[in-house]
Amino acid sequence: MIDPRILRQSAAEVARNLARRGFTFDADAYLALEDKRKTLQVETERLRGERNASAKQIGQAKARGEDVEPLLAAVEDLGDRLDGCEAELAELQQSLRDVELGLPNLLSDDVPDGSDESANTEVRRWGKPREFEFEVHDHIDLGQALGMLDFDAASRMSGARFSVMTGALARLHRALIQFMLDTHTAEHGYAETYVPYLVQSQALVGTGQLPKFEEDLFKTETERPYYLIPTAEVPVTNLAMDTIFEADELPLRYTAHTPCFRSEAGSHGQDTRGMIRQHQFEKVELVHFVKPADSIQALEELTGHAEVILRRLELPYRVVTLCAGDIGFGSTKTYDIEVWLPGQQKYREISSCSNYNDFQARRMKARVRDPETGKPVYLHTLNGSGVAAGRALIAILENHQQADGSIAVPEALKAYMGGLETIAA
RNA sequence: GGAGAGAUGGCUGAGUGGUCGAAAGCGCUCCCCUGCUAAGGGAGUAUACGUUAAUAGCGUAUCGAGGGUUCGAAUCCCUCUCUCUCCGCCA
C-alpha cells in the first residue's frame, strides 16, 4: 500500500509515477473522496466527544443523586446522528481502502521505462553458453529419454501443467533443494523456516496477491476458504505481520523451501510443453526484513545470494532490471535472474528479486522501532527466489547434457546425489 | 468429533454498567540520593487514526474479533475465532 499521506499530499506525482506502469490513478476522484472523509471524520469524532462528555456528566450527576432527566433529554437524538455519521464514514473509509489496496507500488526512479519485457535492461552476465558438438535436446526430450520424466502419467491424474519425476531425476530435484537451503543458511545468514502452505486471505492481502489477483490462486471449498500459497513469500513475509521489531533485531533473513501453486489463469498457450510453467512447483525463497534505509543495498545482496546458486551449478545467466511495464504489482524495483536454456536458445527467468520497501509492511503492519524517535515505522521487505527448483532442474538437464543423452551432475550437487556423477538411463 | 476453562497494556495480574486507556507488581527509560556491590526516592513507559508546520498540543478509537442492549460497556446479551485441559480419532 502506498502511504495514504503521500497519496493525499502528492496525488498528481503518484499518478505520474504509476502511469509509467500503464496504470491509471484517478487522483481527482481519490482526492474528492478523501475530502469527504476528512469532513465526515471530524464531524463523527466531534459527536463522539460530545456523547462521551455527556455520558460522563450523567454518571457524575447520578452519583450525586441528582435528577438526570434533563441531561438525558439533551442528548436524545445524539445517538441517531452519530450512528448515521459512523455508518457513512465506515462506507467511505472502505471505499478509500479499496482504492488504496488496488494501487501498485511506486516505482523506484532507476526502473527503466517500457511496456513489456523487451524493455528490461541487462545489468550483467555470468558464464558463457556452452558450444555443443552434438544436437542439443530440450529438457522434455532428455527427461523422457532417460525414462525419468512422465507428463502422460501426470496428466492422467491431474491434467495439464503437472509432471512426474522418477529415479535419479527426482533425486536431483531434491538434491537441488537441499543444496540451496544449505548454501543460504550456512553461507548467507538465512534462518531456515517451515511454514504453512495453506493461508487465509488476510495473509495474501498483506503480501499483495489479494484483493487484485485472486484468479491466479487456488482456493479450497471448505467452509472457511484457504488459499494454496503461490510462493513462500506469502507465509514467510507474513512472519512479520502485526509485529514491532526493535531496531537491533534487524536485518532478518529467512529462507524456506515450499511447493508453490499457481492457477496460471491467463497464460493459456504459453509454455504448455514441459516443466517451465506448472500448477505446482518447488522453490527455495529468500526474504529480508530490513530498516527502511537498508533496503536498496539489501536488494543487491539478496540478488547476489541467488546468483551464487547458479554459479555453483555452472549455469550461465544474466541479470536484468525489470522495466516499468513488466515489474510486479507490489515491487518498487526488481531484478530478474535469467538462466540460459540451450533447448530454447533463450535466457529464461529462474529468480525474481524484489524490493517492496514499505508496500507490504504497511499492509501487514510490520514495523521497526526507530532508534532516534522511539516510534515504530514500517520496515522494508524484500524477497527473491533462491532459486526455483523446477527451472533449475531444467537448466541442469539442458546445460549439462552429454552426447549420449546422459546428464553430468554439477560438482556442487554430487555430495547430495550420493556421489553420483552422471544421470543415465 | 465430545466435555470443560479461558482470551485485559512488554510480562504477571486486578477490575461485573459511569470519575477505566485501564489498579498493583515486574521489566524498561530518565532524574535524585548514595564513594565500589546492594538498597532507597521521584517521574515516565501502548498502538492507530484525525487535526496540525509539528515526532507539540488537542480529539477519537482500541481490554481476542464482529454485532446487540444502554445516555454510557473491559464489565450485560448474541455470533465467531483462537488458546488450554480431559476423552476419542489420527500422519
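Below, chains carry the letters A, B, ... as their sequence lines are ordered, and counting in each starts from 1.
The base of rG50(B) has none of its N or O atoms less than 3.5 Å from a complementary donor or acceptor on the side chain of E45(A). Looking at K62(A), its side chain comes within 3.5 Å of the base of rG18(B) through a donor and an acceptor atom.
Dashed line: the shortest gap from a side-chain N or O of R37(A) to OP1 or OP2 of rU51(B) is under 4.0 Å. For R369(A), no side-chain nitrogen or oxygen approaches OP1 or OP2 of rG10(B) to under 4.0 Å. At least one side-chain nitrogen or oxygen of N52(A) sits closer than 4.0 Å to the OP1 or OP2 atom of rA61(B). For rU51(B), the OP1/OP2 oxygens have a side-chain nitrogen or oxygen of K38(A) closer than 4.0 Å.
Regarding E246(A), its CD atom lies at a distance of 13 Å from the C1' atom of rU45(B), rounded to whole Å. A straight line from CD of E86(A) to P of rU62(B) spans 10 Å, rounded to a whole angstrom. Distance CZ (R5(A)) to C1' (rA48(B)): 11 Å, rounded to an integer number of Å. The CD-P distance, from Q93(A) to rU60(B), rounds to 16 Å in whole Å. Nucleotide rA54(B) holds its P atom 15 Å from the NZ atom of K375(A), rounded to whole Å. The CD atom of E223(A) sits 8 Å away from the P atom of rU81(B) (whole-angstrom rounding). In this structure, CD of E34(A) is placed 7 Å from P of rU51(B), rounded to the nearest angstrom. We find that CE of M364(A) is positioned 20 Å from P of rU47(B), with the value rounded to whole Å.
Pair assignment for rA48(B) gives rU60(B), based on Watson-Crick or G-U wobble hydrogen-bonding distances that are each under 3.5 Å. Within the shown strands, nothing qualifies as a pairing partner of rC33(B) under the Watson-Crick or G-U definition with both distances less than 3.5 Å. Across all strands shown, rG6(B) forms a Watson-Crick or G-U wobble pair with rC82(B), both key distances being under 3.5 Å. The nucleotide rA23(B) finds no pairing partner, because no Watson-Crick or G-U wobble arrangement with both distances shorter than 3.5 Å includes it. With a cut-off of 3.5 Å on both Watson-Crick or G-U wobble distances, the partner of rA14(B) is given as none. Figure legend. rA74(B) is base-paired to no nucleotide; pairs are counted as Watson-Crick or G-U wobble with both atom distances under 3.5 Å. Nucleotide rC89(B) forms no Watson-Crick or G-U wobble pair with any nucleotide shown, as no partner meets the under 3.5 Å limit on both distances. Using Watson-Crick or G-U wobble geometry with both donor-acceptor distances under 3.5 Å, rU69(B) finds no partner in any strand shown.
With distances taken from any side-chain atom of K56(A) to the nucleotides rU60(B), rU19(B), rG72(B), the minimum falls on rU19(B). Of the listed nucleotides (rA48(B), rA61(B), rC82(B)), rA48(B) has the atom at the smallest distance from the side chain of P376(A). Considering only the side chain of L72(A), rC71(B) comes nearest among rC71(B), rA61(B), rC49(B).
Rounded to whole Å, the P atom of rG88(B) lies 46 Å from the corresponding atom of rA73(B). Between the C1' atoms of rA7(B) and rG66(B), the separation comes to 16 Å (whole Å). Going from the P atom of rA65(B) to that of rU8(B) covers 10 Å, rounded to whole Å. Here the separation of rG67(B) from rU12(B), taken at their P atoms, is 28 Å to the nearest Å. Of the P atoms belonging to rG57(B) and rG9(B), the separation is 25 Å, rounded to the nearest Å. Spacing of P atoms, rG21(B) relative to rG59(B), comes out at 12 Å, to the nearest Å. rG18(B) sits 16 Å from rC77(B) when the P atoms are compared, rounded to a whole Å. Nucleotides rU79(B) and rG42(B) are separated by 49 Å at their P atoms, to the nearest Å.
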Pair R174(A)-E282(A), salt bridge (charged side-chain N to carboxylate O under 4.0 Å, His left out): steps then yes or no: CA-CA 9 Å; R174(A) 173 164 60 91; E282(A) 308 287 309; over 6 Å; no
Verdict with reasoning, L169(A) to L393(A), per side chain to side chain contact (heavy atoms under 4.5 Å, CB included): CA-CA 8 Å; L169(A) 196 62; L393(A) 184 97; 4.1 Å; yes
Trace of the side chain to side chain contact (heavy atoms under 4.5 Å, CB included) decision for Q209(A) with D216(A): CA-CA 8 Å; Q209(A) 285 79 11; D216(A) 296 335; over 6 Å; no
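Residue R46(A) is classed as having no contact, given no heavy-atom separation below 4.0 Å to the nucleic acid. Counting any heavy atom pair closer than 4.0 Å across all strands shown, R367(A) reaches sugar-phosphate atoms only and no base atom.
Each of G79(A) and Q41(A) was assigned the nucleotide of RNA chain B with the nearest heavy atom; the assignment lying further toward the 5' end belongs to Q41(A). Summary of the strand contacts: S54(A) and E50(A) both lie near RNA chain B, and taking for each the nucleotide with the nearest heavy atom, the more 5' one is attributed to E50(A).
No side-chain donor-acceptor contact under 3.5 Å links Y227(A) and Q200(A). For the residue pair E398(A)/Q344(A), the side-chain donor-acceptor check at 3.5 Å is not satisfied. Checking Y254(A) against E285(A) by side-chain atom types alone, no donor-acceptor pair falls below 3.5 Å.
The aromatic rings of H305(A) and Y190(A) sit perpendicular to each other, their planes meeting at more than 60°, with 30° as the lower class boundary.
Considering D138(A), L315(A), I394(A) as possible partners of L341(A), the one that fulfils the side chain to side chain contact (heavy atoms under 4.5 Å, CB included) test is I394(A).
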